[in-house]
Amino acid sequence: MNTSIENLTHKMQRAAVGKMVDVVLSHADKDRQKTMGQLVDVAKQFYGGAFSDETYEHAKQTLTDPDSKWSKLINCVLDQTDPNVARTMALNLGYEAFFRGTKMIRENRIKYQCNIPWLILFDPTSACNMHCVGCWAGEYGHKNNLSFDDMDKIITQGKELGVYLYMLTGGEPLVRKADILKLAEKHNDVQFAIYTNSTLIDEPFCKEVVRLGNIAFMLSIEGTPETNDARRGDGHYAAVMHAMDLLKEHGIVFGTSICYTRDNIEAVTNDEFMRFLCEKGAHFGFYFHYMPVGNDAAPELMPTPEQRQYMIKRIRYLRSSECDIPFYPMDFQNDGEFVGGCIAGGRNYFHINSAGDAEPCVFIHYSNANIHDQSILEILHSPLFMAYHNGQPFNKNHLRPCPMLENPELLQKMVHETGAHSTDLQSPETVEHLCEKCKSYAANWQPTADEIWSHTKIRESRYENYKDWKPSQPIEK
């Protein structure tokens with residue numbers, strides 16, 4: 001099929017999905033449970049045999065039950081979301097990313113014999129108006145920015161491979177508000193998610209976000225005013241509260257981005273805090289394990305093995321039907337069993353910093369490829385990225401997935417063998433220095449992780465993008 005016909009087919013299919021979404025959303029207030037059942041039927045039309053009939057039936061039963069956790073969660077989001085935001089997100093995240101994009105990505109992984117990501121994370125700028133304890137970004141200064149053309153190139157080339165979800169971090173991305181809005185308007189068929197410290201969110205910006213409909217936010221917050229401002233500075237907690245109120249008032253989708261440390265882990269996971277987030281309008285969020293990245297990192301903030309074990313149990317409880325709090329947390333470090341281990345190096349995502357360096361992970365500051373002189377596909381074929389492709393999963397215990405934090409000898413080996421260089425924008429860090437900070441942590445965590453994993457029932461997966469994966473194989477143990 002030639003490109004013009006493919007584009008026409010794509011436009012027609014998107015228009016058809018748009019009409020179905022309009023019908024579903026128009027009935028959302030009249031019969032919410034019936035609407036949920038219709039959503040499952042719409043999904044089945046497009047995904048077909050990708051899931052079993054039992055899976056569709058279970059999804060329909062769960063979503064049509066007004067007392068189920070998922071129904072309550074979706075109801076909360078629908079009740080507070082602006083119609084244009086809801087429609088655009090359904091099309092961009094649902095149709096483009098989950099359906100059409102996933103199909104393209106799987107085909108391209110086979111075609112190009114390399115990792116093809118489901119999302120790309122990039123930094124519009126190194127500039128940040130804060131200096132949080134233990135964070136490298138606040139030390140980078142205002143040295144680097146991706147131009148509008150750089151960001152446009154990333155998204156244009158990403159879409160050609162099937163990538164329709166883009167996350168922006170930094171620095172503080174909203175230092176580049178004007179270019180971000182321009183980017184979201186030009187690429188109104190993709191979904192953007194912005195990790196932000198909240199301090200630059202204001203009324204005029206919110207109005208533009210509602211008009212565009214394809215931007216969501218992940219707000220940095222770390223528990224109580226005391227635990228939050230101790231790391232992020234006086235006044236930050238109040239700024240987050242103000243941003244949450246503005247986003248909720250305008251019907252903009254937002255969640256949380258929480259770095260858990262030895263000092264704040266209980267404050268950012270207790271019931272009172274989770275209920276408070278829901279009241280403010282956040283119903284999903286990402287938890288990130290503190291990483292000792294950078295010469296000025298604070299390794300003493302890394303959680304203890306006991307705290308990490310608590311985190312694993314706590315997150316799974318919060319997602320279970322036993323918990324009535326309408327919040328869905330995701331744990332970047334501890335959810336490896338659900339995604340087959342490390343997702344970096346383009347397996348499901350990779351990172352481009354504000355200097356254009358392509359890094360396998362937002363926490364792994366080494367590279368031998370740059371967006372200024374290489375295409376996305378060339379980056380994915382670069383030595384370090386292919387080392388990830390060939391080495392994943394880095395550990396058969398998916399509670400020890402990372403080649404830095406839990407398997408530091410593997411990152412050190414890959415960096416040396418591929419000739420990758422440090423991309424730290426302020427003070428280049430040797431891989432030996434970084435990995436040395438992780439060795440004792442990895443050794444201390446291993447016995448606990450192996451004990452938990454020995455009792456973990458591994459789900460059989462219908463799709464794993466390891467280079468030697470066969471459709472009949474379950475996830476490796």
Side-chain angles (χ1 to χ4, degrees), residues 10-11 13-25 28 35-36 38-47 50-51 59 63 70 73-106 116-122 154-155 158-159 161-169 173 180 183-196 209-219 247 250-257 281-286 327-330 332 338-339 343 348-349 463:
H10 178 202
K11 288 180 180 178
Q13 197 172 58
R14 181 181 170 95
V17 174
K19 290 181 179 179
M20 284 188 279
V21 170
D22 289 339
V23 171
V24 169
L25 291 176
T35 300
M36 294 301 104
Q38 290 175 326
L39 284 173
V40 176
D41 292 336
V42 169
K44 188 173 183 179
Q45 287 183 47
F46 287 98
Y47 284 99
F51 301 98
L63 295 177
W70 277 104
L73 179 62
I74 292 171
N75 286 341
C76 287
V77 175
L78 282 177
D79 286 341
Q80 72 180 52
T81 303
D82 175 86
N84 185 54
V85 173
R87 183 183 192 276
T88 307
M89 179 174 282
L91 281 170
N92 294 357
L93 194 58
Y95 167 64
E96 299 288 4
F98 275 102
F99 169 63
R100 184 172 173 273
T102 297
K103 183 179 179 182
M104 290 176 65
I105 287 165
R106 293 180 178 182
I116 304 291
W118 192 68
L119 70 91
I120 295 175
L121 179 71
F122 65 86
I154 291 168
I155 297 169
K159 286 197 292 187
L161 295 172
V163 184
Y164 280 81
L165 175 59
Y166 295 84
M167 293 185 171
L168 281 61
T169 182
I180 287 173
L183 202 65
E185 181 134 35
K186 179 172 182 180
H187 296 281
N188 203 244
D189 56 344
V190 309
Q191 183 65 39
F192 293 91
I194 299 178
Y195 288 84
T196 174
V209 170
V210 170
R211 180 181 69 83
L212 293 168
N214 61 335
I215 303 176
F217 296 89
M218 308 298 295
L219 309 185
L247 294 173
H250 285 83
I252 298 168
V253 174
F254 70 95
T256 56
S257 172
H283 296 286
F284 65 94
F286 287 92
F327 189 95
Y328 191 85
M330 293 158 277
F332 188 79
F338 305 110
V339 292
I343 64 172
N348 284 107
Y349 100 104
Y463 184 78

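- Residue Ala184 comes nearest to Leu212 through the heavy atom pair CB-CD1, 3.9 Å, listed as atom of the first residue, atom of the second, then distance.
- Partners of Thr196 under the side-chain hydrogen bond (donor to acceptor under 3.5 Å, both in side chains) rule, at least two apart in sequence or in another chain, are Glu172.
- Taking the six-membered ring where tryptophan is involved, the planes of His10 and Tyr164 are perpendicular, since the angle between them exceeds 60° and thus also 30°.
- Inter-residue side-chain proximity for Val253 and Phe284 is flagged as met; some heavy-atom pair is nearer than 4.5 Å.
- Annotation for Ile74 and Leu63: closest pair CD1-CD2, 3.5 Å, computed over non-hydrogen atoms.
- Asp82 and Asn84 get closest at one heavy-atom pair: OD2-N, 2.9 Å.
- When side chains are defined from C-beta on, Met218 does not count as touching Met167, because their heavy atoms never get closer than 4.5 Å.
- Residues Phe332 and Ile343 meet the side-chain proximity criterion, which asks for heavy atoms closer than 4.5 Å.
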Test log, rule side chain to side chain contact (heavy atoms under 4.5 Å, CB included), inputs Val209 and His250: CA-CA 9 Å; Val209 170; His250 285 83; over 6 Å; no
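- To the nearest 0.5 Å, atoms CG (Leu247) and CD1 (Ile215) are separated by 11.0 Å.
- Not a single side-chain hydrogen bond (donor to acceptor under 3.5 Å, both in side chains) links Tyr166 to another residue, sequence neighbours left out.
- In this structure, Asn188 CG and Thr88 OG1 are separated by 6.0 Å, a value rounded to the nearest 0.5 Å.
- Rounding to the nearest 0.5 Å gives a distance of 9.0 Å between CZ of Phe192 and CD1 of Ile180.
- His283 NE2 to Asn75 CG: the interatomic distance, rounded to the nearest 0.5 Å, is 10.5 Å.
- Within the 4.5 Å cutoff, no side-chain heavy atoms of Ile155 are placed close to those of Lys186.
- When all heavy atoms of Pro117 and Ile105 are compared, the closest pair comes out as O-CD1, 3.2 Å.
- Residues Val17 and Phe99 have side chains not in contact (no heavy-atom distance under 4.5 Å, counting atoms from C-beta outward).
- Here CD1 of Ile120 is found 9.5 Å from CG of Leu165. Values are rounded to the nearest 0.5 Å.
- Although no hydrogens or angles enter the test, the distance criterion places no donor-acceptor pair under 3.5 Å between the side chain of Trp118 and the main chain of Gly101.
- In terms of heavy atoms, Gly255 sits closest to Ala282 at CA-CB, 4.3 Å.
- At least one donor-acceptor pair under 3.5 Å links the side chain of Asn214 to the backbone N or O of His187.
- Arg87 contributes atom CZ, which lies 4.0 Å from atom CG of Asp22 (distance to the nearest 0.5 angstrom).
- The shortest distance between side-chain heavy atoms of Ile252 and Val210 falls below 4.5 Å.
- Proximity of Met330 to Phe338: side-chain heavy atoms (C-beta onward) are nowhere separated by under 4.5 Å.
- With a 4.5 Å cut-off on side-chain heavy atoms, Leu168 and Phe122 count as touching.
- In terms of modelled atom types and a separation under 3.5 Å, the side chain of Gln191 and the main chain of Ala97 share no donor-acceptor contact.
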